[in-house]
Amino acid sequence: MTIEKQKTALVTGASRGIGAAIAERLAADGFAVVVNYAASEKAAHDVVAKIESAGGRAIALQANVADPAQVAELFDHSKATFGVPDVLVNSAGIMQLSPLATSEDEMFDRTIATNLKGTFNTLREAAKRMPDGGRIVNLSTSVTGVKLPSYGVYAATKAAIEVMGDILSKELRGRNITVNSVAPGPTETELFMDGKTDEQIKGLSKLNPLERLGQPEDIANAVSFLAGPEGGWINGQTLRANGGMV
Ligand code: NDP
């Protein structure tokens with residue numbers, strides 16, 4: 001009897017919100033999970049503890065995805081712990097809303113550095129190191145479809161991520177690695193809730209015909225499909241997970 005090696009999933013920005021739900025779901029799916037975080041050390045360790053108490057394997061690894069050297073180390077450390085990641089999920093992201101006319105350079109640079117450069121940094125490492133048969137899922141946003149005012153800088157980084165991922169899916173020809181994006185609509189996490197009034201939240205939750213906010217688990221379900229055995233024929237696509245908003 002051959003014993004199959006347990007596959008590894010690296011989830012960036014997995015200390016909170018959608019990334020944490022993805023890490024827990026992929027652990028339940030049977031992956032050994034690397035829970036990446038930037039600052040929320042305790043939250044990341046709580047995610048690991050939750051996975052372990054459910055019988056899974058996980059480790060928390062700190063790395064700022066915007067820094068290429070830290071991302072290279074993240075892959076090195078992942079390899080040394082659980083093996084080279086078979087699955088990469090880019091969930092680390094920030095969102096600051098502002099109309100273009102009043103957007104500050106600092107906000108623009110920081111959003112590009114975390115969302116776009118951060119995803120570029122991990123995609124480059126994955127392109128070099130990921131074994132044949134791997135899966136990559138990038139978190140985009142459904143705002144690339146609804147184009148709401150004040151989301152310009154943020155949505156631009158996500159549109160770029162979608163295209164970069166689609167092109168990578170073609171560059172990886174011959175290695176049986178898929179690259180897709182999942183584009184959530186409004187999802188109940190700190191990123192979405194912070195700075196919004198109850199009225200704004202209620203309004204945004206009614207944009208979809210199911211009339212509720214997404215939950216992190218709704219998004220984790222979509223990622224699980226793309227990262228799992230049944231999603232293998234989906235490649236170079238964006239799956240909007242938003243209850244039908246757009
Ligand atoms: P949260 O703000 O709840 O969590 C963000 C996560 O990203 C945290 O774990 C945070 O870690 C991590 N992170 C932030 N900056 C960095 C960095 N430089 N390096 C490594 N990790 C970092 O966000 P969500 O869970 O809501 O969002 C997850 C993804 O989904 C994002 O890419 C977001 O753009 C996307 N999305 C979210 C939607 C929503 O409505 N919530 C809708 C559409 C898309 P730490 O705490 O350690 O800083």
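Residues take their numbers from the sequence shown, with the count starting at 1. Quantities reported herein were computed from a predicted structural model and do not represent experimental measurements. As the structure lists them, so they are numbered: ligands from 1, and atoms in each ligand from 1.
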Is a donor on one side and an acceptor on the other found under 3.5 Å between the side chain of Asn115 and the backbone of Ile94? yes

Dump the intermediate steps for side-chain hydrogen bond (donor to acceptor under 3.5 Å, both in side chains) on Glu162 and Ser181, then the final yes or no. CA-CA 6 Å; Glu162 287 185 16; Ser181 297; 5.5 Å; no

Scan side-chain atoms only and decide if Asn208 and Asn242 contain a donor-acceptor pair under the 3.5 Å cut-off. no

Using heavy atoms and a 4.0 Å limit, tell me yes or no: is Ala20 in contact with ligand 1? no

Candidates Ala92, Ala241, Ala155; heavy atom nearest atom 22 (C) of ligand 1 found on Ala92

Would Tyr37 count as being in polar contact with ligand 1, using the rule that some N or O on each side must be under 3.5 angstrom apart? no

Any side-chain to backbone donor/acceptor pair from Thr187 onto Gly214? Under 3.5 Å, distance only. no

Output yes when Glu52 and Arg57 qualify as a salt bridge under the 4.0 Å nitrogen-oxygen rule, no when they do not. no

Check this for me - ligand 1, Leu139, N or O atoms closer than 3.5 angstrom, yes or no? no

Examine Ser91 against ligand 1 and note whether any of their N/O atoms are separated by less than 3.5 Å. yes

Residue pair Val33 / Ala23: nearest heavy atoms and the distance that separates them: CG2-O, 3.7 Å

Do any N/O atoms on Asn90 end up under 3.5 angstrom from N/O atoms on ligand 1? no

Determine whether any heavy atom of Arg16 lies closer than 4.0 Å to an atom of ligand 1. yes

Does even one non-hydrogen atom of Pro216 get within less than 4.0 Å of ligand 1? no

Please state which part of Val143 comes within less than 4.0 Å of ligand 1, counting heavy atoms only: side chain, backbone, both or neither. neither

Short N/O distance, under 3.5 Å, between Pro186 and ligand 1? no

Asn64 heavy atoms, cut-off 4.0 Å: which ligand 1 atoms fall inside? 17 (C), 18 (N), 19 (N)

Sub-4.0 Å heavy-atom contact, Thr12 with ligand 1: no

Does ligand 1 have an atom that lies less than 4.0 angstrom from a heavy atom of Ala43? no

Using a strict 4.0 Å threshold on nitrogen-to-oxygen distance, state whether Arg16 and Asp46 make a salt bridge. no

Arg240-Ser142 side chain donor-acceptor pair, cut-off 3.5 Å: no

Thr141 N/O to ligand 1 N/O under 3.5 Å: no

For the side chain of Asn180 and the backbone of Val137, is there at least one donor-acceptor N/O pair under 3.5 Å apart? no

Which protein heavy atom lies closest to atom 12 (C) of ligand 1, and at what distance to 0.1 Å? Gly13 CA, 3.4 Å

Using a plain distance cutoff, I'd like to know if Ala66 has any nitrogen or oxygen under 3.5 Å from a nitrogen or oxygen of ligand 1. no

Please answer whether the main-chain N or O of Ala183 pairs with a side-chain N or O of Thr141 as donor and acceptor at a distance below 3.5 Å. no

Verify the neighbour count for atom NZ of Lys196: are there more than 12 heavy atoms of other residues, nucleotides or ligands below 6.0 Å? yes

Test your reading of the structure: does Ile94 have an N or O sitting under 3.5 Å from an N or O of ligand 1? no

A student comparing Ile18, Thr187, Asn115 should find that the heavy atom closest to atom 37 (C) of ligand 1 comes from Ile18

Using a distance-only test with no angle check, is there a side-chain donor-acceptor pair under 3.5 angstrom linking Thr119 and Asn138? no

Could you tell me if any non-hydrogen atom of Lys158 lies under 4.0 Å from any atom of ligand 1? yes

Which residue from Ala60, Ala38, Pro184 reaches closest to atom 16 (C) of ligand 1 through any of its heavy atoms? Ala38

So that I can tick it off, tell me whether Arg25 and Asp29 are bridged by a salt bridge, with the cut-off set at under 4.0 angstrom between side-chain N and carboxylate O. yes

Which is closest to atom 5 (C) of ligand 1 by heavy-atom distance: Gly19, Gly17, Gly93? Gly93

Checking a contact table here: which protein heavy atom is nearest atom 36 (N) of ligand 1, and how many Å away? Tyr154 OH, 3.5 Å

